[in-house]
Every structure is written in C-alpha cells, then in structure tokens.
Amino acid sequence: MIPFLSLKDVTALHGDEINAAVTRVVSSGWYLQGEENKRFEENYANFIGTKHCIGCANGLDALIWIFRAYIELGVMQPGDEVVVPANTYIATILTITENGLKPVLVEPKLNTLEIDDDLIEAAITPRTKAICIVHLYGRNAYTTRIGDLCKKYNLKLIEDNAQAHGCYAPVKGHTENTESTENVRLMLTGSIGDAAGHSFYPGKNLGALGDGGAVTTNDDALAEAVRTLANYGSSKKYVFKYTGRNSRLDEIQAAVLDVKLKYLVEDNAHRKQVANFYYDYISNPLITLPDRLPDEQNAYHLFPILVGKGKRDAMHDYLEKNGVGTVIHYPIAPHKQECYKEWNGMSLPITEYIANHELSLPIGPSVSLDEVAQVVELINRFK
Ligand SMILES: *Cc1c(COP(=O)(O)O)cnc(C)c1O
C-alpha cells in the first residue's frame with residue numbers, strides 16, 4: 001500500500017521532538033497566548049521574511065482577518081472587488097464573500113494551473129481593491145506583471161500561501177532600474193505581497209496536529225488589526241475595539257509547528273526529489289504534466305497531473321486497485337458549488353477542464369523514492 005499521504009508517518013519523522021514539545025506545553029500549565037506562540041511567530045516571521053507573523057486558528061481565518069482588517073482600517077469596504085483565481089480551493093473565495101467583498105474569478109493557464117496574468121487587467125474595475133493570488137499546489141503564482149498591475153491600479157496584493165510554505169518567487173523592482181535582471185531577487189511566497197494567509201492544516205507542507213494558521217505582513221497597522229480581530233476584537237483586556245472572534249493558535253500547536261519549521265526546508269527538498277522523479281520518468285502519453293518550474297519556485301505541496309481522454313477517474317480507480325492512493329484537487333470548481341448558485345451558469349472552461357482532468361499523485365516527506373518508482377511504473381502501464 002502506498003497511501004496518498006500518511007500523516008502518521010509524517011509525524012513520526014520528527015516524532016520524538018514533537019512528543020517532547022507537546023509534553024513541555026502540557027506540563028507547563030499555559031495553553032494559550034504564551035511563550036510558544038511568541039517563539040513560533042518570531043521564527044516563522046524570520047523564515048518568511050516579514051516583520052510580523054500573527055498566529056490564528058486556521059488558514060481560512062488568516063485570510064478572513066486580512067480582508068476584515070482592511071475593511072476596519074478603511075482601505076476596503078463591502079462591495080469592493082477582489083481579483084482571485086477561479087481555480088483554487090474554495091476557502092480562498094469564502095474569505096472574500098464572508099467579508100461582503102466581491103470575488104472576480106479569473107481563469108488559470110492550463111500549463112501552469114495558476115492565475116493567468118494575461119487576463120487580470122481586463123478584470124480590474126474602479127471597485128477593485130486587491131488581487132489575491134494563490135500559490136496552488138505549492139507552485140509560485142506571482143509574476144512581475146501581477147506586481148506591476150498592483151502598482152498601476154494601486155491594489156493590495158494578498159497571497160494565499162496555504163499550500164506553498166518554503167516556495168520562492170523571483171521579484172523584480174527592489175532598486176531603481178526595474179528592467180535589469182540583476183534586480184530580480186528570490187523572495188519567499190508569503191513575503192511578496194501586502195499580506196499573506198498561511199494554513200497549518202495537518203496535510204500542508206508545514207502542518208500542525210490539528211488546525212492552525214497565520215498572517216504574515218510588514219504592515220504594522222494591519223498586523224495590529226489582525227491580532228486584535230483574532231482575539232475577540234480586543235488588544236487590551238476587557239476593552240473591545242472590533243466585533244472580532246476567538247481565532248487563536250493554541251500553545252500546543254505553536255510548539256509542534258516550531259519543531260516542524262526547523263525541518264521544512266529538508267522536508268521540501270525531499271518533495272522535490274519525489275517530484276523530479278515523476279517529471280523524469282512519467283511517460284504515459286495520456287498524461288500532461290504542468291510546466292516544470294525551477295526547483296525553488298515549487299514547494300511541491302501536491303503533484304498534480306492532467307489525465308486525458310476522459311480517463312481520469314479510471315486512472316484513479318486503477319491506481320487504487322493497485323494499492324496507490326490519489327486525490328482530486330478539486331473535483332468541483334468553486335463557481336459550480338451549490339453555495340455559489342449565482343455563479344453556476346458561468347463558463348470558466350479552463351478551470352472546469354482542470355476539475356475534470358486533475359489527479360494528485362502521492363508526494364510528501366514520508367514517501368520513499370522506491371514507492372515513487374512503483375507509482376511511476378503503474379502509471380506508465382495504464383492504457
Ligand atoms: C488549506 C487551504 C486553505 C484553508 O486553510 P485551513 O487551515 O484548512 O482553514 C486556504 N486556501 C488554500 C489554497 C488551502 O489549500
């Protein structure tokens with residue numbers, strides 16, 4: 001059996017340290033808003049390369065707080081538009097509609113699976129306040145063009161970094177001469193835009209043993225508003241500035257995440273080995289692989305393939321019968337979901353194509369190269 005992802009095996013990779021961290025918190029008697037959060041937030045901000053990191057309950061809330069904070073700060077108001085990829089996990093879209101903002105769905109490119117930056121400018125209106133990019137599957141979605149559009153139209157750039165901890169993007173324009181390629185530098189996703197939401201859902205590249213999330217930003221006012229919102233709207237005990245919620249990261253999860261953060265680069269390096277094996281050896285003509293990015297621009301959270309000739313589900317069943325777990329990300333696009341009935345009639349053919357052809361192969365720090373070789377052999381034999 002080669003499972004799609006064995007969380008038990010992933011945890012076991014650093015099991016002793018994780019157990020020690022959990023035990024330390026359990027016996028400390030301090031379970032919320034303590035030293036563990038402070039330490040992890042500091043270490044994660046340092047890792048991502050931002051001034052602030054605010055731990056919160058999950059990745060959905062992280063993004064909800066970013067938009068809500070912009071509303072509280074008067075930067076956005078309900079009814080404003082946010083450009084967002086149509087091909088994403090629905091959580092990205094929910095954080096926009098939850099705040100009374102209007103998602104404007106933009107198709108992806110089929111060869112990258114990420115938002116098509118050729119289509120963004122036409123989606124911008126006088127009510128557009130932000131572009132929210134999603135580094136889906138662990139792939140960098142940022143392009144210089146997106147950065148330029150944000151400057152041109154004075155838009156906030158928000159990153160959904162739920163799937164891309166440890167992914168880099170080449171970013172231009174940190175000196176006067178933006179045309180010179182020497183001014184391109186690699187920055188971690190989550191540090192490129194005005195703010196980023198991160199998820200520590202157990203299956204993510206940096207995963208907790210339960211729910212967790214964080215906001216990273218260099219914006220002092222935004223950081224303060226997010227921290228306040230996620231703590232009932234209060235930054236001073238019994239004084240409430242906003243109608244917030246309880247959305248905190250607990251001390252046990254922070255301690256676990258701080259252990260796992262130390263191994264993130266190493267774990268991602270293993271994912272890259274797995275991915276490179278797939279890229280080098282998958283040769284079945286039914287399968288199309290997304291463009292191979294430079295290694296540093298892909299954290300390989302998932303390994304998506306597109307299966308042609310209507311054989312995606314047959315491929316899934318065939319692999320399952322042969323003991324290999326695969327998952328579809330995602331079988332129903334957000335605009336086709338019942339919760340967004342008003343969009344059900346929209347035609348987004350590339351997004352729909354991906355929903356009908358995508359299949360994610362096993363990848364992760366606990367998948368062995370031997371197992372990957374077996375998966376490839378099975379895939380190449382599939383007719
Ligand atoms: C996982 C995920 C989220 C939400 O994170 P949770 O921690 O599960 O709330 C948001 N966006 C994307 C792209 C995700 O994959």
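Since the structure is predicted, the reported quantities are computational estimates derived from the model, not experimental observations. Counting starts at 1 for both ligands and their atoms, in listed order. Values reported hereafter were calculated over all heavy atoms of this structure, with side chains retained and with hydrogens, waters and symmetry mates removed.
- Aromatic ring centres of Tyr201 and Tyr89 lie farther apart than the 6.0 Å criterion allows.
- Using a 4.0 Å cut-off between charged side-chain N and carboxylate O, Asp280 and Arg292 make a salt bridge.
- Of all atoms in ligand 1, listed by their number and element, those nearer than 4.0 Å to a heavy atom of Leu60 are 4 (C), 5 (O), 6 (P), 9 (O).
- Applying the 4.0 Å criterion to heavy atoms of Gln163 picks out, from ligand 1, the atoms 13 (C), 14 (C), 15 (O).
- Between Glu36 and Arg24, at least one side-chain nitrogen of the basic residue sits less than 4.0 Å from a carboxylate oxygen of the acidic one, meeting the salt-bridge criterion.
- Salt bridge annotation for Arg227-Glu41: present, with a cationic side-chain nitrogen under 4.0 angstrom from a carboxylate oxygen.
- Considering both main-chain and side-chain atoms, Ala91 never comes within under 3.5 Å of ligand 1 through any nitrogen or oxygen pair.
- Taking distance alone, with nitrogen or oxygen atoms compared against 3.5 Å, Gly59 approaches ligand 1 more closely than that limit.
- With respect to Arg245 and Asp61, a salt bridge is recorded, a charged nitrogen being found less than 4.0 Å from a carboxylate O.
- At least one heavy atom of Lys204 sits less than 4.0 Å from an atom of ligand 1.
- Between Phe47 and Phe40, the gap from one ring centroid to the other reaches at least 6.0 Å.
- The shortest N or O to N or O distance between Tyr89 and ligand 1 is not under 3.5 Å.
- In summary, the atoms of ligand 1 found under 4.0 Å from a heavy atom of Ala162, numbered by their order in the structure, are 2 (C), 3 (C), 10 (C), 11 (N), 12 (C), 14 (C), 15 (O).
- Taking any N or O of Asp160, backbone or side chain, at least one lies under 3.5 Å from an N or O belonging to ligand 1.
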